[in-house]
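Pasting in a structure now, in structure tokens, and then I'll have a few things to ask.
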Amino acid sequence: MIKSGLTHIGQYFIMLKEMFSKMTKWKVMKVLIFKEIDDLIIGSLGIVSFLSFFVGGVVAIQTALNLTNPLIPKYLIGFATRQSVILEFAPTFISIIMAGKMGSFITSSIGTMRVTEQIDALEVMGVSSLNYLVFPKLVAVMLYPFVIGISMFLGIVGGWFGGVMGNFVSSEQFIIGLQDSFTPFHVTYAFIKTFLFGFLLATIPSYFGYYMKGGALEVGKASTTSFVWTSVAIILTNYILTSLLLSN
């Protein structure tokens, strides 16, 4: 098992190296990049917006319901919503969801090309299949922080909506909580995580799709495996970055 794991890790890094060799012509690559932006980034905005708004509302409501002590100020509802959304929910929780949506799409699309021998055809034509298939996805997910920025905004708006419309806190108190003890570096920390998560979201599912063997059934298994290992990589990266960047 350990030997198999080390083999996969080594093959993954070899894939990253080969992805930058023999670059595809910019005229072709530009079209591929814009297609991936539409599929991976624009196509994810709907589900991200929906989840962010309502989970932000749930965080505010649950925080309010647990503030039973009258001595605890109500503005902490806004404070807790801001901290939860910016530090963990938007960058980490959304990224795990994207490992299911975006990651499965990448693995299945590349895996289907492997099964139908389209990747072999690219190699025969002298095209670097890794650069042609994986590099546009990596470039596209560089816009992933834009998605997370929208998630942060809508999560906080959802928290305001849930807290104020549920009569748990006034709008003024909620905004005071949002501004209380605000640390700008927390936003920087969240976007640093997001860039790394985006890299993992593009490359790990691509690896499992590119190197899969078998038929249509194995494409489904590869998609499941890529989701599991992408989620594991995101959680581990999140732990390491939190320890490095936020521990004093």
Side-chain angles (χ1 to χ4, degrees), residues 11-49 51-52 90-92 94-154 188 190-212 219 222-223 226-227 229-231 233-234 237:
Q11 198 170 28
Y12 170 74
F13 283 104
I14 291 173
M15 182 198 77
L16 295 180
K17 174 180 173 294
E18 292 181 353
M19 180 176 62
F20 294 99
S21 64
K22 197 177 180 182
M23 301 293 286
T24 305
K25 290 182 180 179
W26 171 245
K27 184 179 179 180
V28 177
M29 182 60 69
K30 180 174 64 174
V31 176
L32 294 173
I33 290 172
F34 281 113
K35 181 182 181 300
E36 297 298 344
I37 290 174
D38 183 53
D39 289 337
L40 302 179
I41 303 300
I42 306 301
S44 301
L45 289 177
I47 185 66
V48 169
S49 299
L51 289 172
S52 300
T92 307
I94 291 295
S95 293
I96 292 176
I97 293 173
M98 288 298 102
K101 181 191 180 298
M102 190 187 297
S104 297
F105 171 79
I106 292 173
T107 302
S108 60
S109 61
I110 296 179
T112 301
M113 292 184 70
R114 172 64 73 185
V115 169
T116 56
E117 299 181 349
Q118 295 179 55
I119 293 178
D120 297 328
L122 287 172
E123 296 290 350
V124 169
M125 291 187 294
V127 177
S128 172
S129 56
L130 279 172
N131 181 259
Y132 185 88
L133 295 174
V134 182
F135 184 74
K137 294 174 174 56
L138 182 60
V139 175
V141 296
M142 291 300 101
L143 292 176
Y144 184 58
F146 168 72
V147 177
I148 298 304
I150 292 176
S151 175
M152 290 179 185
F153 173 75
L154 290 177
T188 304
F191 281 118
I192 290 173
K193 289 203 300 185
T194 301
F195 270 111
L196 290 176
F197 293 166
F199 179 84
L200 296 175
L201 284 170
T203 55
I204 295 179
S206 295
Y207 168 79
F208 283 103
Y210 188 85
Y211 290 104
M212 65 143 291
V219 173
S223 297
S226 76
F227 167 67
W229 286 110
T230 304
S231 300
I234 287 173
T237 304

What pairs of residues pass the salt bridge (Lys or Arg N to Asp or Glu O under 4.0 Å) test when at least one of them lies in residues 28-39, not counting sequence neighbours?
-> Lys35-Asp39, Glu36-Lys137

OG on Ser206 to OH on Tyr211, rounded to 0.5 Å = 11.0 Å

Which atom of Ser151 lies closest to which atom of Ile94, heavy atoms considered =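 Closest approach of Ser151 to Ile94: OG-CG1, 3.5 Å.
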
side-chain contact (heavy atoms from CB on, under 4.5 Å) involving Leu45 - partner list, sequence neighbours excluded |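 Expected list: Ile42, Phe146, Val147, Ile150.
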
Enumerate the residue pairs fulfilling side-chain hydrogen bond (donor to acceptor under 3.5 Å, both in side chains) with a member in residues 94-106, sequence neighbours excluded, ordered by first and then second residue.
->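 Qualifying pairs, neighbours excluded: Ser95-Tyr144.
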
Please report the shortest heavy-atom distance between Ala202 and Ile106, naming the atom on each side.
-> CA-CD1, 4.2 Å

Can you measure from CD1 (Ile33) to CG (Leu40) and round to the nearest 0.5 angstrom?
-> 12.0 Å

Are side-chain heavy atoms of Phe197 and Thr92 found at a separation under 4.5 Å?
->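 A side-chain contact under 4.5 Å exists here.
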
Pairs flagged by salt bridge (Lys or Arg N to Asp or Glu O under 4.0 Å) wherever residues 194-209 is involved - sequence neighbours left out |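 Matches after skipping sequence neighbours: none remain.
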
What's the spacing between Leu201 CG and Met98 CE if we round to 0.5 Å?
-> 8.5 Å

Pairing residues for Thr194 by the side chain to side chain donor-acceptor pair (under 3.5 Å) criterion, not counting sequence neighbours =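 Checked Thr194 against side chain to side chain donor-acceptor pair (under 3.5 Å); zero matches.
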
What pair of heavy atoms forms the shortest contact from Ile148 to Ala90, and how long is it?
-> CD1-O, 3.2 Å

Closest non-hydrogen atom pair between Ile41 and Val141, with its separation | CD1-CA, 4.2 Å

With side chains defined as the heavy atoms from C-beta onward, is the minimum distance between Val28 and Tyr132 less than 4.5 Å?
-> yes

Summary of salt bridge (Lys or Arg N to Asp or Glu O under 4.0 Å) pairs that have at least one residue in residues 108-119, sequence neighbours excluded =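 Checked against salt bridge (Lys or Arg N to Asp or Glu O under 4.0 Å) - neighbours excluded - the pairs reaching residues 108-119 are Arg114-Asp120.
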
At what distance, to the nearest 0.5 angstrom, does OG1 of Thr230 lie from CD1 of Ile204?
->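 It is 4.5 Å, given to the nearest 0.5 Å.
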
Are Met23 and Ser128 side-chain neighbours, meaning at least one heavy-atom pair lies under 4.5 Å?
->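 With C-beta onward as the side chain, the pair stays apart.
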
To the nearest 0.5 angstrom, please state how far the CD1 atom of Ile97 sits from the OG atom of Ser44.
->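 The CD1 atom of Ile97 sits 11.0 Å away from the OG atom of Ser44.
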
Only one of Val219, Thr107, Ile110, Thr112 passes side chain to side chain contact (heavy atoms under 4.5 Å, CB included) with Met212; say which it is.
->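 Considering Val219, Thr107, Ile110, Thr112, a side chain to side chain contact (heavy atoms under 4.5 Å, CB included) with Met212 is found only for Val219.
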
Of all the heavy-atom pairs spanning Tyr207 and Gln11, show the shortest one and how long it is.
-> OH-OE1, 3.0 Å

For atom OH of Tyr210, decide whether the heavy atoms of other residues, nucleotides or ligands shown that lie under 6.0 angstrom number more than 12.
->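 It does: Tyr210 OH has more than 12 such atoms within range.
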
Side-chain (Asn131) to main-chain (Phe20) donor-acceptor, under 3.5 angstrom =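 Judged by distance alone, no pair lies under 3.5 Å.
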
Please assess Leu138 against Phe199 for the test side-chain contact (heavy atoms from CB on, under 4.5 Å), listing each intermediate value before the final yes or no.
-> CA-CA 6 Å; Leu138 182 60; Phe199 179 84; 3.4 Å; yes

Count the heavy atoms belonging to other residues, nucleotides or ligands that lie under 6.0 Å from CZ of Phe153, then report whether that count exceeds 12.
-> no

If every non-hydrogen atom of Phe191 is compared with every non-hydrogen atom of Pro145, which pair is closest and at what distance?
-> CE2-O, 3.3 Å

Taking atom NZ of Lys22 and atom CG of Leu130, what is their separation to the nearest 0.5 Å?
-> 12.0 Å

